[in-house]
Amino acid sequence: MPHLVIEYSQKLEDSISIAALVSNGQQAMSDTGLFNAGAIKTRALPYRDFVLGKSHEGSSNLFIHAEVRILEGRTVQQKEDLSAAIFNYLCEAAPEVPEISVEIREMEKASYSKRVPF
């Protein structure tokens with residue numbers, strides 16, 4: 001636990017390494033010091049069909065959205081710092097992408113279930 005889910009426009013696969021985006025996103029999460037590095041799970045999901053607000057002629061139609069799912073219990077400052085760290089990483093990793101966003105989601109411990117390896 002925690003999860004970093006990177007959603008992106010599939011067109012980005014032509015210009016950046018998604019494997020590197022995932023690997024370095026994992027490292028960015030670890031670098032915050034908020035989590036045990038071995039517990040972080042990072043993955044990326046491409047989107048082929050989507051609409052970004054009102055389309056303008058010549059727009060790049062590129063986006064990255066990161067959703068960070070964490071168990072409840074972090075302070076507001078910790079969540080702000082985590083959001084900023086992931087946002088800054090994504091902006092540096094993909095400077096050509098005009099639409100970048102990050103969302104921190106807290107999960108209640110009582111409703112989270114996890115199977116651990118035997």
Query raised in the report: Is a side-chain donor or acceptor of E67 paired with a backbone partner of R105 at a separation under 3.5 angstrom?
Result: no
Query raised in the report: When rounded to the nearest 0.5 angstrom, what distance separates OG in S9 from CZ in R48?
Result: 13.5 Å
**Report entry** Distance-minimising heavy-atom pair for H65 and S101
**Finding:** ND1-OG, 2.6 Å
Query raised in the report: So, does R74 use its side chain to make a donor-acceptor pair with the main chain of L34 at under 3.5 Å?
Result: yes
Query raised in the report: About how many Å separate CD of Q10 and CG of N61, when rounded to the nearest 0.5 Å?
Result: 12.5 Å
Report summary line: dist H3:NE2 -> I40:CD1 (nearest 0.5 Å) comes out at 11.0 Å
Query raised in the report: Are L90 and L21 close enough that some pair of their side-chain heavy atoms sits under 4.5 Å apart?
Result: yes
**Report entry** L62 vs P98 side-chain heavy atoms within contact, under 4.5 Å
**Finding:** yes
Query raised in the report: Taking atom CG of L52 and atom OH of Y47, what is their separation to the nearest 0.5 Å?
Result: 12.0 Å
Requested in this report: Carefully, step by step, assess M1 and F35 under the rule side-chain contact (heavy atoms from CB on, under 4.5 Å).
Outcome: CA-CA 8 Å; M1 178 63 272; F35 313 107; over 6 Å; no
Requested in this report: State plainly whether one hydrophobic cluster holds both V102 and V76, where clusters connect Ile, Leu, Val, Met, Phe, Trp and Tyr through side-chain heavy atoms under 4.5 angstrom apart.
Outcome: no
**Report entry** Residue pair A37 / Q26: nearest heavy atoms and the distance that separates them
**Finding:** O-NE2, 3.8 Å
Query raised in the report: Does anything in residues 88-97 pair up under side chain to side chain donor-acceptor pair (under 3.5 Å), and if so which pairs, sequence neighbours excluded?
Result: none
Query raised in the report: Given side chains that start at C-beta, do those of I86 and M29 come closer than 4.5 Å, heavy atoms only?
Result: yes
Report summary line: Output for pair (E106 CD, L71 CG), nearest 0.5 Å, gives 9.0 Å
For residues 108-118, please give each side-chain donor-acceptor pair under 3.5 Å, one per line with the distance, not counting sequence neighbours.
unit_1	atom_1	unit_2	atom_2	d
S111	OG	E108	O	3.3

Report summary line: Residues pairing under side chain to side chain donor-acceptor pair (under 3.5 Å) where one sits in residues 28-40, two or more places apart or in two chains, turn out to be Q27-D31
Query - Flag side-chain contact, heavy atom, 4.5 Å: E13 against Y8 - result: yes
Report summary line: Heavy-atom closest pair (P46 atom, A44 atom, distance to 0.1 Å) is CD-O, 4.1 Å
Query raised in the report: With distance as the sole test, does T42 use its side chain to make a donor-acceptor pair with the main-chain N or O of V22 at under 3.5 Å?
Result: no
Query - Side-chain heavy atoms of I70 within contact of K79, under 4.5 Å - result: yes
